[in-house]
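Data first, discussion second: the structure below is written as structure tokens.
Side chains included, hydrogens not; waters and symmetry mates left out as well; all remaining heavy atoms used. What you see is a predicted model; the values in this text were computed from it and never measured. Just so it is clear: chains get the letters A, B, ... in the order the sequence lines come, proteins before strands, and each one is counted from 1.
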Number of protein chains: 2
Amino acid sequence: MDKIPILRMGPFLLVTIQVDLYDRLALDLETDLISTVHKTGACGVLIDISAVSIVDSFMGRVLGNIASMTRVLDAETVVVGIQPAVAITLIELGLSLKGVHTALNVERGMALLQTKLGLDTGMEDDVE
Amino acid sequence: MDKIPILRMGPFLLVTIQVDLYDRLALDLETDLISTVHKTGACGVLIDISAVSIVDSFMGRVLGNIASMTRVLDAETVVVGIQPAVAITLIELGLSLKGVHTALNVERGMALLQTKLGLDTGMEDDVE
């Protein structure tokens, strides 16, 4: 189980990070994600880090890299589910996740992507 | 990171299992899931096991338990992303996942739930 699954949800891809991102796993995730975006023509990527309680500058860099890479392929990246403690640590580390969109949870992230991309897949009903 | 995140997607909940389900983690997942179904009034649960490459009778029992528990709360459970090797092992172990719906991937699982529940959230566009 040393591979992070990438789930396709309509025009978006969803990645849930539940394990510590060590070097190899992060590189594999980047490669997998980019090739999946290319293959499926996905126009948005949601990265859920609600299970991540400890964040370091490496994780921040990986998220930034993924966002930059997907942008080249014309897909937007939204990081969702950032824990309060993680938000504090990110800022204290000087990582303000520039170029990465963020949202409170997957539903809001999906609504954000839909607004950005001018899509309407009817999933935003529960989001105020 | 010893908690499996439960993501809310419209009327459904999505759980991605990426780590080995040892006893404590499985029990916590059951409890969390049931209380989330209760709290959100979700009418379907999608469990993605595409990252699971090794399955044993314990995992099979946990999936069965979750399906039975959510059914009591009037929610359907669909297990998605079963790897071919996992499907073979499940049957060889004599676990045919009775009472658990299955689908190839999250999109098809969502379409299945929508059909079962008579919902239309417009996410099944890409599913033939």
How many angstroms lie between atom [atom1] of [X] and atom [atom2] of [Y], to the nearest 0.5 angstrom?
X	Y	atom1	atom2	answer
Arg8(A)	Arg108(B)	CZ	CZ	11.0 Å
Thr16(B)	Asp48(A)	OG1	CG	8.0 Å
Ile6(A)	Ser50(B)	CD1	OG	9.5 Å

Does one hydrophobic cluster hold both [X] and [Y], with members joined at side-chain heavy-atom distances below 4.5 Å?
X	Y	answer
Ile88(B)	Leu95(B)	no
Phe58(A)	Ile66(A)	yes
Leu112(B)	Leu117(B)	yes
Val62(A)	Tyr22(A)	yes
Leu104(A)	Ile47(A)	no

field: side chain to side chain contact (heavy atoms under 4.5 Å, CB included) between Leu7(A) and Val80(B), worked out
entry: CA-CA 10 Å; Leu7(A) 309 179; Val80(B) 301; over 6 Å; no
- request: Work out which heavy atom in Met9(A) is nearest to a heavy atom in Glu107(B); give both atom names and the distance.
  value: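 Smallest interatomic distance, heavy atoms only, reads C-OE2, 3.8 Å.
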